[in-house]
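Worksheet: one structure, shown below.
What you see is a predicted model; the values in this text were computed from it and never measured. Chain letters run A, B, ... following the sequence lines, proteins first, then strands; residues in each count from 1.
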Amino acid sequence: MDSIEKARTIAAELHAVAVQKGLDPRKPYNFAKCEILSRDICLEATKPGATQLDGGRAKYIRNDLLIIHERCDTDFENAFLAAHELGHVVLGDDFNPSPSTNVDPARPAEPSPVAEDRVVDYGKRQRREIQMDLFAREFLLPRPVVKRMHLVDGMSASEIAKVFGAPFDVVAQQLFDAILLPVVETPSESPAVDRPLNDKQAAAASHRGVPLLVEAGPGTGKTQTLTSRVHSLLADGIDPREILLLTFSNKAAAEMADRIAEKNKEASAAMWIGTFHAFGLDLIRRFYSELGFEKDPRMIDKTEAVEMLEQQFPKFDLEHYRNVYAPASVIDDILKAVSRAKDEVVCPTRYRELAEAMQLRATASNDDELLIRARRCHEVARVYEAYEKIKKAKHCIDFGDLVSLPVSLLESEPTIANTISETYSHVLVDEYQDVNRSSVRLLKSICPDGANLWAVGDAKQSIYRFRGASSGNMKRFTNEDFRRAQTVRLEQNYRSVPEITDAFSAFGATMAAGTGGDALTAERSVCGSKVALTTVDKVTEQTLAIADSIEQMRQNGHGYRDQAILCTGNEKLATLAGELERLGIPVLFLGSLFERLEIKNLIAFLSLLTDRRAMGLIRVGCQRQTELTLGDVSKVIEHLRDDITEPGEWPAKVDSFHGVSESGKQVLREVATILLGFDQSSSPWTMLATILLDRTQIAADFANASSVSERTGGIAVWQFMNFLRVQPSGKGLPVPRLLKRIRDLIRLKEDRDLSKLPDAASGLDGVRLMTVHGSKGLEFPVVHFPGMNKTSLPLNYKSPKCPPPDGMVEGSGDDSKAAAVAAHSEEQECIFYVALSRARDRLIAYAPTKQAGGKNWPLSPFLDRLGSNLQRNHVAPNERDLGNGNEGTIPIQVSGRISLTTAQIGLFERCPRRFFYTHVVRIGGRREESPYTLMHDAVREICEAIVAERLITLSDSKIRQRLNQAFKASGLVDHGYANELAGMGHKLVKYFLTTRAEGSPIEPPSLAVNLAGDEVKFRPDDGFTMEDGAIVFRQVRTGGIKSSRDDIAAAAALLAATEHARGSRVEFVHLSDQEIRDVEMQKRKLGNRHASLHDALKSIRDGKFPAKPSSRTCPGCPAFFVCGSVPEGTLQKTF
DNA sequence: CTTTTGCGATTTTTT
DNA sequence: ATCGCAAAAG
């Protein structure tokens, strides 16, 4: 149990005792006051800003036995400040005389992992203040009390708030903590039994003077050695404020802080413990003016960064990174390159110089390939320069800046560097194998000669090479960066049984990373089971095999919570989690928050305020209290499609919805009541908190659930509400802005942070599912490691979209590509090594040997390198239903024939589910509008006009005129870069005209291919009779990306054309790529596609609409927020 | 026996 | 999007 939970438990107990003494919690200030007075401490209110308050809002003055606080408007606020200070007293945290400044009564139990909170998460002072806020809230409104009021007495959050005179949001947050998060069990309190240090550990801990690098393999007692060193430094009389302990993750920092606090709470709070990034942020905040910022520059995440650049993108006029359709993805690629540059402390100017140097070399050696690479780098440099300017102008900083800015500062300002290095007499670094050049340079600035620098790491666990971490830094520590340095190697493994230790040591001996002579000696005794590899025939059986062995391990005494499943990537984890859950294995896994049904169900309420067709009813209709039939939902959407309705106006029209059942209308009125008083400008958090706690039973249902998977659902809701609290401000209405931001987060894969389970979930008895990266630093009695196929580990190297300029990555030599490939393959070995070494007692790897199609699927070559340490066995698990079969089938009755366009059938192929929403339910809500899509719309419109007016040429001025007209109609003229956008459009139209230079135009006819009574229509955009008499039909494809795999839409077009006129051709014109592609298919291929068309139509009749999820396409789908299960009932449909 | 084509599985990882 | 394998075609 962590310190925060401990504090809350104590607070709740105090509350209970006070109530027993007869105090009334409904008078909160008096309640807190009596508790304080009973400790012989005085309580005083004073006016805000009084000198005694020392700049804070409340303060405990120990010497005077006095708590003072500023006088607030409400009794509850006063009580909260008093209780906050009471926390400092009760928790024995009164050694630090600083006042309390950032008091927040509605603070969630754990910060949301977004933007700045990710960095400062465990800043020591923040952490104490968070603890006190939660203590105070718990003292005034204990979770068990509010939980009982809500669940047993049936009181809403507002009613509870009234009773206590507390604000709604404070009660709501407390209720969320109480009913959505699992109750943390009082632990059996078994603090890690510290064994005495072995000789090597003791030597490492007591070392003084010259820099020391401790090579600590897995399970060698690294943390214990490090904490021992800290305690020995303290014992030597070192002031804890002189000790700096740097880590790479907040998790590690918190663990170190807690471990040190076990023996010395005061020292732990006084030391600087945190990540490199948090330390960097501290420096930036201290020296903001030297860095050219105003006070407290704001941190932005990548989503915000992309948004900033997107606005200015048209003006960059990039040639090599030109994706005029979806600039966001290009910007993302470039920002990744920028981030890498910052890892190497390469500023925009230096980036451009490197690119220019490449250009010179390319011209000198006549190397065309090099020249193109150089130009690409140059374009990145241009965007990089602009990005830094925008950021500075807006007083923002990004993740990369957190380390690179302080490095530049300290390296250029020796006085500041001196001040800092004099502050810290002892610097300790954890996970040294994860340092990149920027962190090394930061270290060198803090301790130039390396005196009393102490680092610990393991080159074989270096799995962050993609962000510039290199185990080469381990070698350089002694040779180059900190000469005079010594090394110590810890050789005893205390974690794993010999079977496992020997296995990963054997693999370790063959690894490129590390020295080769670093095998470990197992201290534990043999367990009798070797590391196992369980192979199965098919992928589906792998899940069954894992489920079987989880249960078997359970019979051997390893509970679910003792077992972990590790995968290399997130995608596979999510699939596995779903399947195991269906097999009845409880799993601890959230997955992508916004893809969970509970969350989509909530977002549906929000979308009902913004979407005029109310497609959110699809999700709302699936929920217990608001059940609707699919038929009714579909009818409502149909009504709203033809109606001119503003978003949120539909509740007024319920009576006029003909064809909707009476019971359906009744539910719709209830939904309207649930939404009453909210609109697009409402705060999403307030609205959903009201819905969850005041107007529905949704939250209560989670509290009453018992299964791990339902509890996980509750945690997801908690996490989502937590996320809603911290939205960046910006233009537009809050609700639509939030929906856009969610889509952007997923597109940029920034939703990953939200899929981390809060600490409060750790008590649940479920199998832990995580990536190998996520498992670093952890250990589990049993580890399952699936997917050990050649294609997944090692993964093939893929070069970044924007490779760094030659010479940017220090120590990569002349061939930067070869160096990157080598680094990648080293990293893959490290991933395997880390995974193996997480296991204490049992380790089982899994792999299917055949693909779904039945062909062989080779095993990972890494397995052979375990030699005789690996026990192989092949199993054939009993078939069970993984529930993948019928998913997506919807009862539907199609009357009459089906008639679709090529575009529609193409959509069915890409994602049948999306087809269902778009063309069966017809939810509408076309794709998102952006300046780029509007520009493309204008171009398309003009091209259509050109065909209709049979124009062959059009003067530049006429094109401009038409574009201008279209831009006016769409409002694009007002865009800041309307000229640049018009320039792009001009190019596209001009290219379209060149495609019309040959042959004589014909009126494009409407074509169709007959498919057993049904049809697929092909309406060409353009048509010609060529000089040789051939007829050509053209379709303009705006997307422009050439898909190498011909889709069935193309086949349908071809078939339709041939049916119309034998020997006619079909061509796709890609405007952005300036290319005409002939649609060609061999007889066999065309035959196969023809069969696929038949299959597709049959699937539509059968109601088979499975989703094809993809993080790339889903966020852009209009049905994104409603996709999932559908309401009950059969759908009547005419196409 | 060689070449083409289809198809399935994979497109990480994080402060 | 890209790779590697297996089956079909030449």
Could you give the [atom1]-to-[atom2] distance, from [X] to [N], as a whole number of Å?
{"X": "A:Arg747", "N": "B:dT11", "atom1": "CZ", "atom2": "P", "value": "22 Å"}
{"X": "A:Asp282", "N": "B:dT15", "atom1": "CG", "atom2": "P", "value": "18 Å"}
{"X": "A:Lys798", "N": "C:dG4", "atom1": "NZ", "atom2": "P", "value": "14 Å"}
{"X": "A:Asn789", "N": "B:dT10", "atom1": "CG", "atom2": "P", "value": "7 Å"}
{"X": "A:Glu827", "N": "B:dT14", "atom1": "CD", "atom2": "P", "value": "11 Å"}
{"X": "A:Leu246", "N": "B:dT15", "atom1": "CG", "atom2": "P", "value": "16 Å"}
{"X": "A:Arg437", "N": "B:dT15", "atom1": "CZ", "atom2": "P", "value": "22 Å"}
{"X": "A:Lys336", "N": "B:dT12", "atom1": "NZ", "atom2": "P", "value": "8 Å"}

When you measure from the side chain of [X], which nucleotide among [options] comes out closest?
{"X": "A:Ser792", "options": "B:dT14, B:dT10, B:dT12", "result": "B:dT10"}
{"X": "A:Gln851", "options": "B:dG8, B:dT15, B:dT12", "result": "B:dG8"}
{"X": "A:Asn1088", "options": "B:dG6, B:dT15, B:dA9", "result": "B:dG6"}
{"X": "A:Trp857", "options": "B:dT15, B:dA9, B:dT14", "result": "B:dA9"}
{"X": "A:Asn796", "options": "B:dT14, B:dT10, C:dC3", "result": "C:dC3"}
{"X": "A:Glu571", "options": "B:dT15, B:dA9, B:dT11", "result": "B:dT11"}
{"X": "A:Asn856", "options": "B:dT14, B:dT15, C:dA6", "result": "C:dA6"}
{"X": "A:His277", "options": "B:dT12, B:dT10, B:dT15", "result": "B:dT15"}

Among A:Lys336, A:Lys302, A:Lys342, the one residue meeting salt bridge (Lys or Arg N to Asp or Glu O under 4.0 Å) with A:Asp398: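 Filter result, single survivor: A:Lys342.
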Sugar-phosphate only, base, or nothing, as touched by A:Asn570 at under 4.0 Å among non-hydrogen atoms: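 Sugar-phosphate only.
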Sugar-phosphate, base or nothing in reach of A:Phe466, heavy atoms under 4.0 Å: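 Touches a base.
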Between side-chain atoms of residues 791-799 of chain A and protein atoms elsewhere (two or more places apart, or another chain), which donor-acceptor pairs fall under 3.5 Å?
from: A:Thr791; atom 1: OG1; to: A:Trp857; atom 2: NE1; distance (Å): 3.0
from: A:Ser792; atom 1: OG; to: A:Gly787; atom 2: O; distance (Å): 3.1

Exercise: do A:Thr543 and A:Glu579 side chains pair donor with acceptor under 3.5 Å: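 There is such a pair (donor and acceptor under 3.5 Å, judged by atom type) between the side chains of A:Thr543 and A:Glu579.
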Give a yes or no on whether a salt bridge exists between [X] and [Y], defined as a side-chain N under 4.0 angstrom from a carboxylate O.
{"X": "A:Asp343", "Y": "A:Arg437", "result": "no"}
{"X": "A:Arg741", "Y": "A:Asp744", "result": "no"}
{"X": "A:Lys222", "Y": "A:Glu431", "result": "yes"}
{"X": "A:Arg1089", "Y": "A:Asp1095", "result": "no"}

Does a nitrogen or oxygen in the side chain of [X] sit under 4.0 Å from OP1 or OP2 of [N]?
{"X": "A:Arg1089", "N": "B:dC7", "value": "yes"}
{"X": "A:Lys790", "N": "B:dG8", "value": "no"}
{"X": "A:Lys749", "N": "B:dT12", "value": "yes"}

Whether A:His1090 and A:His1094 hold their rings parallel, tilted or perpendicular, with breakpoints at 30° and 60°: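 Ring orientation of A:His1090 relative to A:His1094: parallel.
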Intra- and interstrand pairs of DNA chain B - dot-bracket, Watson-Crick/G-U under 3.5 Å, | marks other strand: ||||||||||.....
Position toward the 5' end of DNA chain B (nearest nucleotide), A:Lys850 or A:Phe276: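 Its nearest nucleotide lies further toward 5', so the answer is A:Lys850.
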